[in-house]
Amino acid sequence: VQLQASGGGLVQAGGSLRLSCAASGRTFSTYAMGWFRQTPGKEREFVAAISGSGGSTFYADSVKGRFTVSRDNAKNTVYLQMNSLKPEETAVYYCAAHWSYTIVRQIPDYWGQGTKVTVSS
């Protein structure tokens, strides 16, 4: 599966952004999807995951209550709504896929190219 993330940009602290990740292929609904982020000099960090059906979601503690992951299987797209953004959340955000809802949080099989989010203070 090929993944294409978009929606990054510049936002003020406390603001919101919605990221999208479009996937190729006819089997999108069989893949769990994840969002990760990475800042220079740091390891890639898990942010959120959603099951293939969209019925289950999981979040990193740092984003619970502020970020929402969702998907539209008819459009082969997964979203990450980010609210109350903080300057330290400036990073490149990546979408990822794996058939397993558990494994996608750790070692996805497929990665998108990343979209940069900058949160100004």
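Residues: numbered from 1 along the sequence shown. What you see is a predicted model; the values in this text were computed from it and never measured.
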* Asked: salt bridge (Lys or Arg N to Asp or Glu O under 4.0 Å): which pairs involve residues 56-70, sequence neighbours left out?
  -> D61-K64, R66-E89
* Pairs in or reaching into residues 41-94: which pass disulfide (SG to SG under 2.5 Å), with residues at least two apart or in two chains? -> none
* For Q38, check side-chain hydrogen bond (donor to acceptor under 3.5 Å, both in side chains) against everything at least two apart and list the hits. => R44
* Pairs where residues 68-77 contributes a residue and the test side-chain hydrogen bond (donor to acceptor under 3.5 Å, both in side chains) is met, not counting sequence neighbours -> R71-N73
* Roughly how far, to the nearest 0.5 Å, is CZ of F36 from CD of Q106? -> 8.5 Å
* Check side chain to side chain contact (heavy atoms under 4.5 Å, CB included) between S56 and all other residues, then give those that pass, not counting sequence neighbours. => S51, Y101
* Asked: Taking only residues two or more places apart in sequence, or in another chain, which ones meet E88 in a salt bridge (charged side-chain N to carboxylate O under 4.0 Å, His left out)?
  -> none
* Structure fact -> The complete set of disulfide (SG to SG under 2.5 Å) pairs with one or both residues in residues 39-80, sequence neighbours excluded, reads none
* Asked: Any idea which heavy atoms bring A96 and V104 closest together, and the distance?
  -> O-CG2, 4.0 Å
* What pairs meet the disulfide (SG to SG under 2.5 Å) rule with one or both residues in residues 25-62, with sequence neighbours excluded? -> none
* May I ask whether Y93 and I50 are part of the same hydrophobic cluster, defined by side-chain heavy atoms of I, L, V, M, F, W, Y residues being less than 4.5 angstrom apart, directly or through others? => yes
Could you pull out all donor-acceptor pairs under 3.5 Å where a side-chain atom in residues 107-121 meets a protein atom, sequence neighbours excluded?
unit_1, atom_1, unit_2, atom_2, d
Q113, OE1, A5, N, 3.1
Q113, NE2, A5, O, 2.8
T115, OG1, G8, N, 3.0

* Asked: For E45, which residues count as a side-chain hydrogen bond (donor to acceptor under 3.5 Å, both in side chains) partner, sequence neighbours excluded?
  -> R37
Donor-acceptor contacts under 3.5 Å from residues 12-25 side chains, at least two apart:
unit_1, atom_1, unit_2, atom_2, d
S16, OG, N83, OD1, 2.9
S24, OG, Q2, N, 2.9

